[in-house]
Amino acid sequence: MALSEKENLAPPRHIAIIMDGNGRWAKQRGLPRTAGHAAGAEAFRRIANYCRTLGVEYLTVYAFSTENWKRSQEEVAGIMKLLRRYLEEALRDMEKNRVCFRFFGDLSRLSPELQKLCYDAQHRSEEYDVQVNFCLNYGGRDEIVHAARAFAADVAAGTYRPEALTEALFASYLYSGEIPDPELIIRPSGEKRTSNFLLWQSAYSEYVFMNVLWPDFAPEHLDEAIAEYHRRNRRFGGT
Ligand code: FPP
């Protein structure tokens with residue numbers, strides 16, 4: 001393969017994933033839903049490692065939405081426990097993995113213990129370059145309202161005049177701040193909805209919907225999604 005062709009097949013800089021299908025995966029096996037989330041957390045570890053091998057710069061995952069509080073107390077507690085365990089592990093292996101953590105969402109509703117883990121993970125990993133963004137108590141509309149409020153507060157404080165607002169300035173108020181938008185958003189599990197995920201940032205993203213359930217998601221599925229992304233870019237991307 002010519003070098004230029006290989007370069008064309010480089011992975012997108014930023015991949016975002018809606019980790020969907022954990023509940024169905026568990027049901028198919030007669031297991032509790034929390035077992036599906038545990039397998040989903042394993043799939044996340046697998047895919048985050050693979051993204052690092054591929055040289056993906058940003059990986060954003062939907063771990064808990066503003067709507068997910070409606071689930072049973074047991075299920076919510078199970079997901080929170082998995083997140084706590086993962087972050088404790090990540091803090092332990094920080095130097096080895098060199099992953100930079102960011103959290104998108106209103107963390108104030110999480111337990112103080114989990115908030116502290118998020119804070120520590122973010123602050124202790126600032127230097128590292130592969131960036132994982134966890135969307136936690138996240139909703140795309142909520143993010144936009146939060147950003148609009150913060151800008152309005154700056155206008156009230158005299159920092160900006162309303163006319164100063166541009167798309168780029170507004171984007172800087174979002175949880176994602178200055179990072180590039182995702183070129184590719186993957187939703188496994190066969191559902192074809194955006195579910196309030198990265199509403200602003202997905203304006204130009206390619207969506208790839210796949211029929212695999214998230215706990216079964218393997219590096220080959222990521223390869224397939226990236227190949228589909230390149231096929232579309234070749235078709236629509238001009239010369
Ligand atoms: C959607 O599947 C998934 C969630 C609401 C939770 C995602 C959480 C994890 C993968 C674990 C988080 C921990 C780490 C370390 C990443 P669903 O339950 O809606 O599945 P269903 O549609 O089949 O019911």
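Not measured: the values here are computed from a predicted model. Remember, it's 1-based here, ligands and their atoms both numbered in the order they're listed. The figures that follow rest on heavy atoms only: side chains count, while hydrogens, waters and symmetry mates do not.
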Checklist entry - What residue among Phe104, Phe64, Phe44, Tyr62 forms ring pair (Phe, Tyr, Trp, His ring centres under 6.0 Å) with Phe134? => result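 Considering Phe104, Phe64, Phe44, Tyr62, a ring pair (Phe, Tyr, Trp, His ring centres under 6.0 Å) with Phe134 is found only for Phe44.
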Checklist entry - Is there a donor-acceptor contact under 3.5 Å from the side chain of Arg187 to the main chain of Tyr207? => result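 A pair under 3.5 Å: no.
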Next on the checklist: Once salt bridge (charged side-chain N to carboxylate O under 4.0 Å, His left out) is applied, what residue pairs with a partner in residues 101-110 remain, sequence neighbours excluded?
Outcome noted: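 Non-adjacent pairs meeting salt bridge (charged side-chain N to carboxylate O under 4.0 Å, His left out): zero.
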Checklist entry - So does Glu163 have more than 12 non-hydrogen atoms from other groups sitting under 6.0 Å from CD? => result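 More than 12 heavy atoms, drawn from other residues, nucleotides or ligands, come within 6.0 Å of this atom.
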Next on the checklist: Can you tell whether the side chains of Arg45 and Glu42 come within less than 4.0 Å, N to carboxylate O?
Outcome noted: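 So Arg45 pairs with Glu42 through a salt bridge.
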Checklist entry - Can we say Glu228 and Arg231 salt-bridge, meaning some charged N sits less than 4.0 Å from an Asp/Glu carboxylate O? => result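 Salt bridge between Glu228 and Arg231, a charged N being under 4.0 Å from a carboxylate O: yes.
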Item to check | Set of residues that line ligand 1, where lining means a heavy atom lies under 4.0 Å from it | outcome: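 If the criterion is a heavy atom under 4.0 Å, then ligand 1 touches Met19, Asp20, Gly21, Asn22, Gly23, Arg24, Arg33, His37, Gly40, Ala41, Phe44, Ala63, Asn68, Arg71, Ile79, Leu83, Tyr86, Phe134.
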